[in-house]
Amino acid sequence: MKSLKAVLASCKTIHQALQIHAQAVVTGRHHHPFHMAPLISFFATNHLHHSHLLFSQIPNPDLFLFNFLIRAFSLSQTPHHALSLFRSMLSSSPPISPDSFTFPFLFKSCAKLSLSKLALQLYSHVIKTGFDSNVFVLNAVLHFYFAFGDVHNACKVFHESSVRDRVSYNTMINGLVRAGRADCSLKVFGEMRGNRVEVDEYTLVALLSACSSLEDRGTGRVVHGLVYRKLGCVNENELLMNALVDMYAKCGCLEVAERVVSCGNGKSGVAAWTSLVSAYALRGEVEVARRLFDQMGERDVVSWTAMISGYCNSGCFQEALELFVKLESLGMEPDEVAVVAALAACARLGGLELGRRIHRKYDGASWRCGTHRGFTCAVVDMYAKCGSIDTALDVFSRTRDDMRTTFLYNSILSGLAHHGLGEHAMAVFEEMRLLGLEPDEVTFVALLCACGHNGLVNDGKRLFESMLSVYGVSPQMEHYGCMVDLLGRAGGLDEAYYLIQNMPFRANAVIWRSLLSACKEHGDVTLARLASQELLAMEHDHGARNVLLSNMLILMDKHDEAASVRKAVDDVGIQKPPGWSYVEINGVLHKFLAGDTSHPEAKATELMLRNIHMGLETIGHVISA
DNA sequence: GTGGAACGTT
């Protein structure tokens, strides 16, 4: 008689397997772990739920069966089942203790479910029971520390461990690269070589990723040499080929990257092509990127996202959104990254209706690798940039504390700043501090900008002074710019000028322009001349500042000087690139230039604008030129 | 009769 395993191996359909199960029930073998294991294992690949059902009918499952199912669930989309199985394993009578097989699967489940506390509890159990000297357990611990972003403890455990193998090194190198510490990963690789541990394809892929993120083509070439020595010129590993192409693409060697793709005997896959698309788009050659994108044999969500982001990077937001809508219409499920890119494009175009549609559609989405943190941030940013600050605040306030990040606070703070809600911004910042989130450079730009727009001079000064001393963020050019603007608007022109003279770097055009417009506002001709001289001496020309300067001189009744500035502008032939504006009305995107009268409803628009102006002036606003 | 780690998009 054939063994059950042999019979199952020849099963072609689920029905045949179910018949075998029925037979086991008839012969009374369905209660025995030993007899049921092959059936449970048969269903585990595609019908895990059924395996679980069979398992639950066994009165006394053994450690092996528990481990088997815990493993299967830890790899599945529902890893929490692995943890409940573990609980029932501990509480069965007699209780079953986990072994070195159990722990790695539990850690994997914790990592997938972001249960860092549980993982740490389990780890202390591992140490107590001595399983930390098992290399499989160690590697799983390293993996979960990296998954939780705890690079420090991963390194600590790795360096203090007495057992290490090739996988430990690979996990370290890969984890460090993904944590943005590619430089450290190369050091670990040095240790690996020093300890005469052989490299394998996992090592090589991780090293190529390190070179990609460091844009270190020299080391990249050395690793390419290692690949060649290890595997010869033709290789069968698609992931490795892709990593190689990506390395050359990220290092700017696009020609070499393309050569690797074409010499790869068709072994390089979607990822390699996606790297090329993204590299060309980043270089500003969107047309080339699009041609490659259209030529690709196979395209997945990531390739579409690369092209969409590529358009965004080159300022082609309309093309980006067209591609996103096409992606949806093809029935492909965009991931968090794609949706974030589309929302960013909406934000830049003022596409409120499309943005709102995207927000509603993906609000409850359950993304495989998504955290929803990026999504929330992009949604808040989109509403704020589209002028709907109330909706932005609404989404923000309904966001759970553990979903709040510095980035999210930066989005809402910038929104509040641009909407002139300075006091509200200060209150939100206070809330951010209480939550223990650390502000970064962007936070302070938003805050100082908010203070500037609302005349909160003392708050602004206090914040600026606390940046480095309290928060460890050193002020950049933008922050000085905000301060010059803040002081200038409040009439503190001398203080602003003093700040410019005492900055650690030379002021840029933005700063001088901001001082110039403050001079205009407060009628300081001497400082205005000084600022405009600085501006004219700057290399990269910008027509707007001269227009501003001549406007100012006209307002100050210095028509002769104004005329000479205008003439200087005309003589040099300074041209300001046209600034396109976009507005979305009822889902239709309208594009126009300043002074553009080509739109069919230009007259009506002009009339409405005049009404708004008059309304603003009636309630006491001063409209500057 | 069960183990581990890997590529491309923000």
Side-chain angles (χ1 to χ4, degrees), chain A residues 3-5 33-41 44 62-72 74-75 99-108 134-144 146-147 165-175 177-178 200-209 212 237-247 249-250 257 268-279 281-282 289 293 296 299-313 334-345 369-371 373-375 377-378 407:
Chain A
S3 73
L4 191 52
K5 198 184 170 191
F34 186 79
H35 286 123
M36 291 307 286
L39 264 170
I40 288 173
S41 134
D62 57 8
L63 179 59
F64 169 80
L65 267 186
F66 269 111
N67 282 346
F68 184 88
L69 263 193
I70 288 173
R71 172 186 176 268
S74 76
L75 298 169
D99 65 0
S100 66
F101 284 84
T102 326
F103 286 112
F105 309 138
L106 296 175
F107 287 136
K108 197 185 208 51
N134 177 293
V135 76
F136 286 93
V137 176
L138 166 84
N139 294 340
V141 170
L142 294 179
H143 191 260
F144 89 66
F146 279 120
D165 66 1
R166 187 194 301 159
V167 177
S168 323
Y169 280 103
N170 289 346
T171 307
M172 285 303 294
I173 295 173
N174 187 47
V177 178
R178 299 183 83 101
D200 64 5
E201 297 175 42
Y202 285 88
T203 328
L204 294 168
V205 169
L207 287 174
L208 288 168
S209 295
S212 295
N237 188 331
E238 186 188 311
L239 259 54
L240 189 48
M241 284 293 281
N242 294 342
L244 192 59
V245 172
D246 184 58
M247 183 275 291
K250 288 260 164 61
S268 36
V270 206
W273 285 90
T274 306
S275 294
L276 286 179
V277 166
S278 150
L282 224 55
F293 177 77
M296 288 173 68
R299 268 168 282 175
D300 62 10
V301 183
V302 182
S303 347
W304 283 79
T305 311
M307 195 61 234
I308 292 168
S309 311
Y311 275 134
C312 287
N313 286 326
D335 61 7
E336 188 177 11
V337 183
V339 174
V340 165
L343 284 167
C369 309
T371 58
R373 290 189 177 91
F375 174 73
C377 191
F407 293 136

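Just so we're on the same page: letters track the sequence lines, and every chain starts at 1.
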Chemist: Report yes if a donor N or O on one partner sits less than 3.5 Å from an acceptor N or O on the other, where the partners are the side chain of A:Thr274 and the base of B:dG8; otherwise report no.
Modeler: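 Present.
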Chemist: Answer with yes or no whether A:Asp300 presents, from its side chain, a donor or acceptor under 3.5 Å of a partner atom in the base of B:dG8.
Modeler: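 Indeed there is one.
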Chemist: Identify whether any heavy atom of A:Asp62 sits under 4.0 Å from a base atom; if not, whether one sits that close to sugar-phosphate; answer base, sugar-phosphate or nothing.
Modeler: base
Chemist: Once you apply a heavy-atom cut-off of 4.0 Å, does A:Asn170 come out as touching a base, just sugar-phosphate, or nothing?
Modeler: base
Chemist: Starting from C1' on B:dA5, measure out to CG on A:Asp165 and report it in whole angstrom.
Modeler: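 Atom-to-atom, A:Asp165 to B:dA5, this comes out as 10 Å.
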Chemist: For A:Leu106 and B:dT2, what is the distance between atoms CG and P respectively, to the nearest whole Å?
Modeler: 19 Å
Chemist: Between A:Phe107 (CZ) and B:dG3 (P), how many Å, whole number?
Modeler: 18 Å
Chemist: B:dG3 P sits how many Å from A:Tyr202 OH, rounded?
Modeler: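 Distance, rounded to whole Å: 13 Å.
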Chemist: Using a 4.0 Å heavy-atom cut-off, does A:Arg178 contact any base of the nucleic acid, only the sugar-phosphate backbone, or nothing at all?
Modeler: sugar-phosphate
Chemist: Give A:Thr203 one of three labels, base, sugar-phosphate or nothing, depending on what nucleic acid heavy atoms sit under 4.0 Å from its own.
Modeler: nothing
Chemist: Starting at CG of A:Leu276 and ending at C1' of B:dC7, how long is that distance when rounded to a whole Å?
Modeler: 13 Å
Chemist: Give the nucleotide from the list B:dC7, B:dG8, B:dG3 with an atom nearest to the side chain of A:Val302.
Modeler: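 Of the options given, the side chain of A:Val302 lies nearest B:dG8.
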Chemist: Taking only residues two or more places apart in sequence, or in another chain, which ones meet A:Trp273 in a side chain to side chain contact (heavy atoms under 4.5 Å, CB included)?
Modeler: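 So A:Trp273 forms a side chain to side chain contact (heavy atoms under 4.5 Å, CB included) with A:Val261, A:Leu292, A:Met296.
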Chemist: For A:Val270, which contact category applies under a 4.0 Å heavy-atom criterion: base, sugar-phosphate, or nothing?
Modeler: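 If one applies the 4.0 Å heavy-atom cut-off, A:Val270 turns out to touch a base.
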Chemist: From the list B:dC7, B:dT9, B:dG8, which nucleotide is the closest neighbour of the side chain of A:Thr305?
Modeler: B:dT9
Chemist: How many whole angstroms separate atom CZ of A:Phe144 from atom C1' of B:dG3?
Modeler: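 One finds 17 Å between C1' of B:dG3 and CZ of A:Phe144, rounded.
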Chemist: Tell me whether A:Phe68 and B:dT2 count as stacked here, given that the ring centres must be under 5.5 Å apart and the planes must differ by less than 30 degrees.
Modeler: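 A:Phe68 ring does not meet the centre or angle cut-off for B:dT2; no stack.
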Chemist: Could you state the CG-C1' distance from A:Asn313 to B:dT10, rounded to the nearest angstrom?
Modeler: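 After rounding, the reported distance stands at 9 Å.
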Chemist: To the nearest 0.5 Å, what is the distance between OG1 on A:Thr171 and OH on A:Tyr202?
Modeler: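 Reported to 0.5 Å precision, the distance equals 10.0 Å.
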Chemist: Considering non-hydrogen atoms only, spot the tightest contact between A:Val302 and A:Thr274 and give its length.
Modeler: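 Scanning both residues, the minimum pair turns out to be O-CG2, 4.0 Å.
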Chemist: Taking only residues two or more places apart in sequence or in another chain, which ones pass salt bridge (charged side-chain N to carboxylate O under 4.0 Å, His left out) with A:Lys250?
Modeler: A:Asp246
Chemist: Nearest to the side chain of A:Asn67, heavy atoms from C-beta on, is which of B:dA6, B:dT2, B:dA5?
Modeler: B:dT2
Chemist: Establish, with yes or no, whether the OP1 or OP2 oxygen of B:dT2 is under 4.0 angstrom from a side-chain nitrogen or oxygen of A:Lys108.
Modeler: no
Chemist: Determine the contact category for A:Ser303: base if any of its heavy atoms lies under 4.0 Å from a base atom, sugar-phosphate if only primed atoms, P, OP1 or OP2 are that close, otherwise nothing.
Modeler: base
Chemist: Compare the minimum distances between each of B:dT9, B:dT2, B:dC7 and the side chain of A:Ala306, then state the nucleotide with the smallest one.
Modeler: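 Out of B:dT9, B:dT2, B:dC7, the nucleotide with an atom closest to A:Ala306's side chain is B:dT9.
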Chemist: Hey, what do you get for CZ (A:Phe136) to CZ (A:Phe101), rounding to the nearest 0.5 Å?
Modeler: 7.5 Å
Chemist: Hey, is the side chain of A:Arg71 poking within less than 4.0 Å of OP1 or OP2 on B:dT2, counting only N and O atoms?
Modeler: no
Chemist: When all nucleic acid strands are considered with a 4.0 Å heavy-atom cut-off, which category describes A:Asp246: base, sugar-phosphate, or nothing?
Modeler: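 It contacts sugar-phosphate atoms only.
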Chemist: Between CG of A:Asn170 and CG of A:Leu142, what distance do you get to the nearest 0.5 Å?
Modeler: 11.5 Å
Chemist: Under 4.0 Å: is that the gap between some side-chain N or O of A:Asn242 and OP1 or OP2 of B:dG8?
Modeler: no
Chemist: Starting from C1' on B:dA6, measure out to CG on A:Leu239 and report it in whole angstrom.
Modeler: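 To the nearest whole Å, that distance equals 5 Å.
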